[in-house]
Every structure is written in C-alpha cells, then in structure tokens.
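Have a look at the structure below, then the notes.
When a residue number appears, it is its place in the shown sequence, counting from 1. Remember, it's 1-based here, ligands and their atoms both numbered in the order they're listed.
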Amino acid sequence: MPIQQLPPHVAAQIAAGEVIERPASVVKELVENSLDAGAKSITISIREGGVAEIRVTDDGNGIPPDELGLAFRHHATSKLSTVEDLNTVSTLGFRGEALPSVAAVARVVCTTRPPDSEAGARIEFRHGACVGQRHDGRPPGTSVQVADLFGDLPARRKFLRSAPAEAARIQEVVTRYALAHPEVRFTFSVDGREVISTPGSGRLQDVILSIYGSEAAGRMLPVSLADGDVAVDGYTSAPELNRRNRSYTTLLVNRRWVYDRSIYYAIEQAYQGTLPDRRFPFAVINISVPPEQVDVNFHPTKREVRFRNGDRLFSLVQRAVREALIAHAPVRTATRSFTPVDAGPRPPSSPESPRLPSTGGAAPRADGVALSTTALAPAEGSLRDVLADLRVVGQIRQTYIVAEGGSGMYLIDQHAAHERVVFDQIRQRRQGDERPSQPLLAPMTAELSAAQAVTLESYADLLAGYGFALEPFGDRAWLVRALPAGLAARASPDPAAALCDLLDAVAVEQVVMDREDALAATVACHGSVRAGMTLAQEEMDALLRQLQSTENPHNCPHGRPTVVHFSEYQLEREFGRR
Ligand code: ADP
Ligand code: MG
C-alpha cells in the first residue's frame, strides 16, 4: 500500500481509541467535564453496561451555543491556551480530546445552556459525522447522551465484557468521583435502578455513609496532616475494618482519582502489624499539592501522575495515616520477633532481631512472604524431619499448637497448617474426578456486590466443578443450593456470607495465582480449621503428620508461615542463661 494520509474520520476513530477504551472511559470523561464546569449536581444513567446508552446531566456552567460545534473538535478546550498553562492547570481536563473522541465512536446528542444565556443549543453526531445542530430550550447545564458505543467498530465491541462487568467498572468510576467531590450531588442509575445517591453536603463522611453504609462509616478515622504547601486529608479505617483487596482504597491528588503504587504502599505501611495478613485498609485519601509540583499530562488517561517530590509525599501520607491510627485506634502491644522455621535455626553467634520500640504499636510480622520462595527450599527437608519428631505440648488461644522438638519450641498456626493440607488435597482431587458436593437443606440467597458478581461469572465453570450449585436469582442475587462437601460444615450457619467472602478472596488470589490455584487456595482457606477452634490431642498430632507430607509444609497457600521456631538459644538468652 502506498503511504496516504488517513481520511479525517478514520484518523479520529483511531485517536479515540486512546481516550475511550470502554464505557467507563466515557463516563469518566463526561463526569470530569461536569466537575470542571462547576456542577453541583451530576446525574449519570446507563443501560446495558453503558453500551446501549450513557447519559450524563449536570447543572454546570454550560457551553455557549456558538462554541458548541468547536467543543467537539480535536484539541479544542477552554481550559488552557499556552504550554505554560500546563504547569498550573487545575482542571481535570485540558487536552480537548474527550468530546471529539466520544463523538467518533458512538451516537452522541449534547444539549447545553449557560445560565446567563437566553437559549440553549443541541448538537448530534453519528459515529463521527455531525448530523445536526439547532437551538434548544433546556435548564442551565449540560446533558450528553451517548448511544450505541462502538456501534460501527465491531472489533472494539468484542473486547468489552458482559454488561454487568462494564456496569461495575462504571460504578467504580462514579464511586471514586463521588468520594472525591462530597460537595457535588451524584446520582447513578443502572437500567433504571438507582444505585448511588450522595447528598452533596460537602462532608466526606456523608458520601462514605451513602456508598458504603453505616458500619463502614462508623469505623473511619479522620486523617489530616499538612507540611508546608502539601496536605493530606480524608478518612482511613480503624484496623478492625479491613478488606480482602485494595479496591476500597481511593487515592486522590487534588481531587483527581489516581493510581500510585508507592502511595498505596505508604498507606498500607502505616498499618503494618495492625492488620491481619493479606487484609487491606479502607481509605479515602486526598493529597493537595500545588499544581506545579505534579505532572498530570503523563499518562494517556491521566490515571497516573508524577510528583516532583515523591519521597516527601510518601512519608507525609504514611505519617498522616499512622497518626490517625495512633490518635484514634487502640494501640497493640509490641512483641518480639520470631525466627520463622524456614530460615533455619540461627547459629548462636548471629545477631538477634533487636527489640522493637513499643511506641507506634508495630508488631514485627513473620509473614514469610519473601522467605517462602527463596530461602526455604534448602530447609524443607529439615522441616519435614522436625515435624516427624515434634511432641505436641498443647494449644494456646485456640489458634497455635505448641510443640517441642530437637532444638527448641515450635508454634504451629493451626489454620495455616490445615489450609496447606486441604489445598494439597484439593489439588490432588482435581487430577482425579471426585466432586463431593453437599446440598443445603434450604437454598439460601446471596446478595452480591457488583464486583462479586463479576468474579462469580468468571469462575462459574470452576465453581461448579468444586461442587457449588448456584443459580441466578434476579438482580445480582444468587441462590446457593449446594456447597463443596469440605466447605459445607464450616460455612454454616451462613453459606451466603461464606460465598461472598470466598468471591472477595478469589479476586485477591487471582492477582498472584492462576485461576485454578486461586480458587483452590480460597476453598482450602474456607474449608480449613479456623483459629478459635479447640483441637483434641489426636487432631493436633494428625495435623502435624498431614502437614509433614504436603508438598510445601513451610507455608500456607498464601505464603504465610505455618510454623515458627523459638530456638533453644533464643529461649536461653531470654532467660538470661547465656
Ligand atoms: P477538555 O475537557 O480537555 O477541555 P473536552 O473535549 O472534554 O476537552 O471538552 C471540550 C470543551 O467543552 C471543554 O473545554 C469545555 O469548555 C466544554 N465542555 C465539555 N463538557 C462540558 C460540560 N459538561 N459543561 C460545560 N462545558 C463543557
Ligand atoms: Mg474533558
């Protein structure tokens, strides 16, 4: 083919791909425009996951009728005019690409009227072509209706997920922007049903309440810390309110929803030692920085930003969250460090872990995640040997088995150990064809969140293989008719809650494991003896024997250690015998 310049509508559809990846991108762009227009109220409604229709209506400052055509041209914006403006831009948009991109890939009708304008205007596009523009009466503000998204781009359509999955992504966008802007009233409905409605009171706790409910709202701790021209504010959860994945942490920079790995980490670090393993805080954190200290024109969809002084922000966020926890949440007693058995007995000459200061309440974690894959392999044989020789002394806190062996004292986490055993059994069974399933006496209904419904859909086939019998039962509700036999006993009395928890857990596991292992690990976890159960002597002995013959006795499937070791040396040192 000879080189040729593409016809404008082809070029526009290609360019649109960068901005509009899926229905949620349309909603993000339109909501950002409404916020930039100073709206006090934004109403979003979608049909069929946003593919059939997306409608965003605001009461913002509108577009002057004579500029409406221009607003749909590429690189047409009212938000900046020089390159220097980019350094200080404080609006969410500034590239002038959203409206033309949406108009290139859908049927779009926009009506708008500035408050001081006599009349409004209406413009209509069909997959890139303007098909009409006229005066129109309407209240002040702007409405954009987007229909038949990717209607003439079948290849793009094919990449979309199911309508509930796309709707869930849209709901996430609306949720995050509602949290970012408590002063704006957000209303969101899906196929005619209202799912989000915030009061626009300006109080973040009101938004948290309306979106996440009173239980969560009641356990959020206020965060507020400033250092010079940078400030961190928002809410973060008391440690007992935690979640199985990161999706409950909303990070905002100058009220723009962003993703920043290192700041997420700063938030999580602030919780170190106070959260159960693999649980994540619930948080809404806004960082206010002077616009010139952050580059927002760096990521195609502005999802990531760059900071001029990232380290300072990292420690400010960590301190802010930490101080909120110390000021408002009960502080834990510090403990001393254990030697995970994986690391092998330490030679007497090696330095012991220093005592931790008791301020801040950080308990050292022997979570073994880093140890599990690297340091462990050589010691594995020796742990098997150790397990073979252990003598069970008793159980403490219905959680740990105390045992003594060749070189000191061993604590075994009964849940982690049993999880490993069940996980191995499940994996072996998968090779065979056994699918023990246990019907419930009375089927139960499980109400799923949007995210849980998505997980359920994508694991439907595997879940059935494990012995789950599930039936759709209306809007995001499922009927649980049977559970895997191993799970049924532990899941009672609330199989529906067990299913919800399991789906949340799978969503986390699938980040680090393949689909099948993610489900196996989760089912193992839910079917294992929990902390808090009294075990008989024989049960403890049996558990240690079973653990001994697993593929990797060192860790549970999530990488937590199953056994920790107090060496004889440690004990003697503690008692001043050395
Ligand atoms: P950008 O937001 O980057 O400027 P857009 O293509 O999203 O580019 O919008 C182009 C222009 O149209 C904006 O700069 C703004 O002037 C106007 N506009 C878009 N949406 C709205 C709205 N909801 N209310 C008022 N003005 C709007
Ligand atoms: Mg915009």
Side-chain angles (χ1 to χ4, degrees), residues 11-13 15-21 24-45 54-83 85-106 108-117 119-125 128 130 133 136 138-146 173-174 177 180-181 184-188 254-258 291 295-303 305:
Q13 285 191 337
E18 275 197 23
V19 187
I20 306 303
E21 197 197 338
S25 347
V26 175
V27 173
K28 173 178 182 285
E29 294 296 338
L30 297 181
V31 167
E32 289 188 350
N33 279 346
S34 297
L35 289 167
D36 283 345
K40 288 279 148 266
S41 169
I42 304 176
T43 304
I44 303 114
S45 65
I54 293 169
R55 212 184 260 263
V56 177
T57 299
D58 68 51
D59 59 355
N61 54 27
I63 304 174
D66 57 336
E67 294 176 16
L68 184 54
L70 199 52
F72 282 85
R73 296 273 191 80
H74 284 282
H75 315 297
T77 178
S78 60
K79 299 171 191 175
L80 53 72
S81 54
T82 67
V83 180
D85 290 346
L86 205 49
N87 296 324
T88 53
V89 70
S90 61
T91 46
L92 295 164
F94 51 77
R95 290 180 184 149
E97 280 294 288
L99 292 183
S101 297
V102 177
V105 295
V108 173
V109 176
C110 172
T111 66
T112 183
R113 189 188 131 200
D116 55 6
S117 168
R122 178 188 195 276
I123 196 166
E124 184 170 352
F125 291 84
C130 179
Q133 185 172 1
D136 189 50
R138 56 154 294 142
T142 303
S143 302
V144 182
Q145 180 199 352
V146 177
V173 169
V174 177
Y177 275 103
H181 291 272
V184 177
R185 192 145 48 85
F186 279 82
T187 313
F188 174 53
N254 293 338
R255 312 248 160 232
R256 177 196 298 282
W257 173 38
V258 300
D295 180 2
V296 289
N297 188 30
F298 146 71
H299 187 266
T301 65
K302 312 187 193 97
R303 188 73 181 88
V305 297

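- Rounding to the nearest 0.5 Å places CG of L68 at 5.0 Å from SG of C110.
- The side-chain contact (heavy atoms from CB on, under 4.5 Å) test applied to S90 returns no partner, not counting sequence neighbours.
- Every atom of ligand 1 is numbered from 1 in the order shown, and the set under 4.0 Å from a heavy atom of F94 is 1 (P), 3 (O).
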_Does N33 form a side-chain contact (heavy atoms from CB on, under 4.5 Å) with V144? I'd like the steps, not just the answer._
CA-CA 10 Å; N33 279 346; V144 182; over 6 Å; no
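- Considering backbone and side-chain N/O atoms, I63 never comes within less than 3.5 Å of an N/O atom of ligand 1.
- Annotation: P100 places no N or O atom under 3.5 Å from an N or O atom of ligand 1; distance criterion only.
- The N/O atoms of S78, backbone and side chain alike, include one that comes under 3.5 Å of an N/O atom in ligand 1.
- Atom CG of L86 is separated from atom NZ of K79 by 13.5 Å, given to the nearest 0.5 angstrom.
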*Please assess R95 against N297 for the test side-chain contact (heavy atoms from CB on, under 4.5 Å), listing each intermediate value before the final yes or no.*
CA-CA 9 Å; R95 290 180 184 149; N297 188 30; 2.9 Å; yes
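- Applying the salt bridge (charged side-chain N to carboxylate O under 4.0 Å, His left out) criterion to R55, with sequence neighbours excluded, gives E53.
- Residues satisfying the side-chain contact (heavy atoms from CB on, under 4.5 Å) criterion with A39, sequence neighbours excluded, are S34, I42, D58, D59.
- The distance cut-off of 2.8 Å around the Mg ion (ligand 2) captures these protein N, O or S atoms, sorted by chain and number: N33 OD1.
- At a 4.0 Å heavy-atom cut-off, ligand 1 touches T77 through backbone and side chain alike.
- The CZ atom of R138 sits 6.0 Å away from atom OG1 of T112, with the distance rounded to the nearest 0.5 Å.
- Note that CD of Q145 is 9.0 Å distant from OG1 of T111, once rounded to the nearest 0.5 Å.
- If you look at A76 next to ligand 1, the close heavy atoms, those under 4.0 Å, all belong to the backbone.
- The shortest N/O to N/O separation between G93 and ligand 1 does not fall below 3.5 Å.
- Residue-to-ligand polar distances place L99 within reach of ligand 1: an N/O pair is separated by less than 3.5 Å.
- Both the backbone and the side chain of A71 come within contact range of ligand 1, each with a heavy atom under 4.0 Å.
- The nearest protein atom to atom 22 (C) of ligand 1, hydrogens excluded, is given as T142 OG1, 3.7 Å; this is a heavy-atom distance.
- Residue-ligand proximity, G62 to ligand 1, at heavy-atom distances under 4.0 Å covers atoms 25 (C), 26 (N).
- When hydrogens are left out, the protein atom nearest atom 8 (O) of ligand 1 is G96 CA, 3.1 Å; that is the closest non-hydrogen contact.
- Separation of atoms CZ (F186) and CG (L35) is listed at 4.5 Å; rounding is to 0.5 Å.
- Distance check: R256 CZ to R303 CZ gives 11.0 Å after rounding to the nearest 0.5 Å.
- The local environment of CZ in R73 is sparse, with at most 12 non-hydrogen atoms from other residues, nucleotides or ligands closer than 6.0 Å.
- Distance from atom 2 (O) of ligand 1 to its nearest protein heavy atom, with residue and atom name: K79 NZ, 2.7 Å.
- Distances between N or O atoms of D58 and those of ligand 1 include at least one value under 3.5 Å.
- Within a 6.0 Å radius of CZ in R185, no more than 12 heavy atoms belonging to other residues, nucleotides or ligands are found.
- Those atoms of ligand 1 with a heavy atom of R95 less than 4.0 angstrom away are 3 (O).
- The nearest non-hydrogen atom to atom 21 (C) of ligand 1, considering only V56, T112, V89, N33, comes from N33.
- Considering only heavy atoms from C-beta on, T82 comes within 4.5 Å of D85 through its side chain.
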